[in-house]
Amino acid sequence: MIGSFFASDNTCEVCQAGYQSSCVHRVIMGSIGTQAQLLRVPLADGTLVATPELPPADLIPSLLTASDVLGTGWFGAVAAQAGPGKTVAVVGDGAVGLLAVLAAKQLGAERIIAMSRHEPRQELAREFGATDIVEERGDEGVARIKELTGGLGAHSVVEAVGTQESMMQAIRSASPGGHVGYVGVRAAR
């Protein structure tokens with residue numbers, strides 16, 4: 001069985017709209033000991049997806065990735081309404097941000113702008129489909145995205161960091177009528 005970071009009932013109004021990570025009955029899986037050998041999963045009928053058979057040991061790391069960062073990056077791109085003909089900007093170059101780049105590419109985005117200051121992550125972003133890299137932040141970052149988009153901003157922006165600054169970066173980088181998918185999780189202090 002494969003599940004996500006949040007357990008969801010998959011029946012409430014929010015889940016039915018496609019936002020299972022915001023389920024009104026959600027349970028954060030990390031809060032209940034998900035690093036254990038065995039786990040009773042709450043809301044299992046709405047959360048878990050059965051594999052046809054026990055996966056081979058070498059496939060399990062990929063399935064774990066699919067259940068966390070890949071799903072999160074994909075959700076961010078879908079929530080931002082990435083798709084054919086769209087310009088997508090991704091704020092954040094961690095695992096979730098990089099997989100949002102990959103998701104935007106798979107969803108058919110025409111142009112993908114990755115905001116990254118780390119050369120190895122920039123290389124991965126390009127491998128995953130980024131057409132442009134923006135290293136600037138704040139006002140300069142917004143200005144650079146606007147410059148790359150003829151002054152309008154991106155149609156779709158994925159916020160994959162979880163800070164106030166990154167959220168403002170995402171909102172200000174979106175075009176009028178654009179969409180922001182936010183999936184960054186603010187760490188507890």
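When a residue number appears, it is its place in the shown sequence, counting from 1.
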Do the side chains of [Y] and [X] get nearer than 4.5 Å, heavy atoms only?
X	Y	result
Ile113	Leu148	yes
Met115	Val90	no
Cys15	Asp9	yes

Please find the pair of heavy atoms, one from [X] and one from [Y], that lie closest to each other, and give the distance.
X	Y	answer
Gly92	Val161	CA-CG2, 3.5 Å
Ser8	Cys23	CB-CB, 3.6 Å
Ser156	Gln81	OG-O, 3.3 Å
Pro42	Arg40	CD-O, 3.4 Å
Ala109	Ile112	CB-CG1, 3.9 Å
Ala100	Val158	CB-CG1, 3.9 Å

[atom1]/[X] to [atom2]/[Y] distance, rounded to the nearest 0.5 angstrom?
X	Y	atom1	atom2	answer
Arg121	Glu127	CZ	CD	14.5 Å
Cys12	Leu43	SG	CG	9.5 Å
Asp93	Glu119	CG	CD	12.5 Å
Thr87	Ile145	OG1	CD1	10.5 Å
Ser175	Lys146	OG	NZ	8.5 Å

Between [X] and [Y], is there a shared hydrophobic cluster once you connect ILVMFWY residues whose side-chain heavy atoms come closer than 4.5 Å?
X	Y	answer
Val88	Leu70	yes
Leu102	Trp74	no
Phe75	Val69	yes
Val14	Val183	yes
Leu152	Val180	no

With no hydrogens and no angle check, do the side chains of Asn10 and Gln20 hold a donor and an acceptor under 3.5 Å apart?
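The answer is yes; a qualifying pair exists.
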Would you check if there is a donor-acceptor pair between the side chains of Glu159 and Ser166 at a distance under 3.5 Å?
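Per modelled atom types, Ser166 and Glu159 side chains form a pair under 3.5 Å.
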Heavy-atom count check: over 12 atoms from other residues, nucleotides or ligands less than 6.0 Å from Glu13 CD?
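Atom CD in Glu13 is not crowded, with 12 or fewer foreign heavy atoms closer than 6.0 Å.
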Applying side-chain contact (heavy atoms from CB on, under 4.5 Å) to Val157 and Tyr182, what does each step give before you reach the verdict?
CA-CA 8 Å; Val157 183; Tyr182 64 95; over 6 Å; no
Stepwise, does the side-chain contact (heavy atoms from CB on, under 4.5 Å) test hold for Glu110 with Lys86?
CA-CA 5 Å; Glu110 182 175 313; Lys86 301 267 183 92; over 6 Å; no
For Glu135 and Gln122, what are the C-alpha separation, side-chain angles and deciding distance, and is it a side-chain contact (heavy atoms from CB on, under 4.5 Å)?
CA-CA 10 Å; Glu135 293 188 8; Gln122 291 172 359; 3.0 Å; yes
Is there a donor-acceptor pair under 3.5 Å between the side chain of Thr51 and the backbone N or O of Leu54?
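Answer holds: no.
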Would Thr72 and Leu99 satisfy side-chain contact (heavy atoms from CB on, under 4.5 Å), going step by step from the backbone distance to the final call?
CA-CA 8 Å; Thr72 305; Leu99 289 170; over 6 Å; no
Closer than 4.0 angstrom, basic N to acidic O: yes or no for Arg172 and Asp139?
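Salt bridge present between Arg172 and Asp139.
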Assess whether a salt bridge exists between Glu123 and Arg126, defined as any Lys/Arg side-chain N lying under 4.0 Å from an Asp/Glu carboxylate O.
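So Glu123 does not pair with Arg126 through a salt bridge.
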